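In what follows, a single structure is set out as structure tokens and then discussed.
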Amino acid sequence: MAIGWKMRTAAVGLTTAGVLATGAATGTASAETRVMNAVFVNEISCSLGLVTATPGDRNATWSTQPPTTMTSWGTWSVSADPGLWGSVSGSVEYVTKQCEYPEMNGISVRYTWKLTATGINYYGGSVSDRNLIAGLNKAHYGLNPLFILTPRIG
């Protein structure tokens, strides 16, 4: 009697595992789609030219493409499905041009994001000149980051 019970339990377990594996393979195990609406504020006297931009891997697309040239501000949107336990990482990179001070031309500015299934998102900024700060306004978090580029004071 115990042997028959074990065989039925094993058969149910294998069937359940097969259904779960099929769901995972077809993509039915999914998290909510995340839509990031980014705003960028440029506080330096240069315009910015787009160098590279990627919304993320195959699970992310641009809802609104980053502008190819930005002066004082710009926006972009990413729609991403990180999966049930995954994440999607993307970035944009600009270079300074047409600056009021010629020595400011050619500075690389990069913003990154990582959108996760848990809803805890990560944002970052970097710049190739120590006299500038590329970062995130902490008052705007979640799926609506406010990226800023500003001179370093002090």
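Remember, predicted model here, so these are calculated numbers, not experimental data.
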Mind checking the [atom1]-[atom2] spacing from [X] to [Y]? Nearest 0.5 Å is all I need.
X	Y	atom1	atom2	result
Cys99	Met104	SG	CE	6.0 Å
Asn121	Ser89	CG	OG	10.5 Å
Leu136	Leu146	CG	CG	7.0 Å
Tyr123	Leu143	OH	CG	5.0 Å
Thr52	Leu50	OG1	CG	7.0 Å
Leu149	Met70	CG	CE	9.0 Å

Between [Y] and [X], is there a side-chain heavy-atom distance shorter than 4.5 Å?
X	Y	answer
Val95	Leu48	no
Tyr94	Pro66	yes
Arg34	Trp113	no
Val88	Thr116	no

Determine the minimum heavy-atom distance between [X] and [Y], stating which atoms define it.
X	Y	value
Ser108	Glu93	OG-OE2, 2.7 Å
Glu43	Pro151	O-CD, 3.8 Å
Gly74	Pro67	CA-CG, 4.2 Å
Val78	Pro55	CG1-O, 3.7 Å
Leu115	Pro82	O-CB, 3.9 Å
Asn42	Phe40	CB-CE2, 3.5 Å

>> Testing the 3.5 Å rule here: is there a donor-acceptor pair between the side chains of Ser77 and Asn37?
In response: yes
> Ser47: what forms a side-chain hydrogen bond (donor to acceptor under 3.5 Å, both in side chains) with it, not counting sequence neighbours?
Replying inline: Gln98
> Do Tyr101 and Val127 share a hydrophobic cluster, counting only Ile, Leu, Val, Met, Phe, Trp and Tyr and linking them when any side-chain heavy atoms are less than 4.5 Å apart?
Replying inline: yes
Tell me whether [X] contacts the main-chain N or O of [Y] through its side chain, where contact means a donor paired with an acceptor under 3.5 Å.
X	Y	result
Ser91	Thr112	no
Arg152	Arg130	yes
Tyr111	Ile148	yes
Arg110	Val92	no
Asp129	Ile107	no
Thr96	Gly106	yes

> Applying side chain to side chain donor-acceptor pair (under 3.5 Å), which residue pairs with at least one partner in residues 61-76 are found, sequence neighbours left out?
Replying inline: none
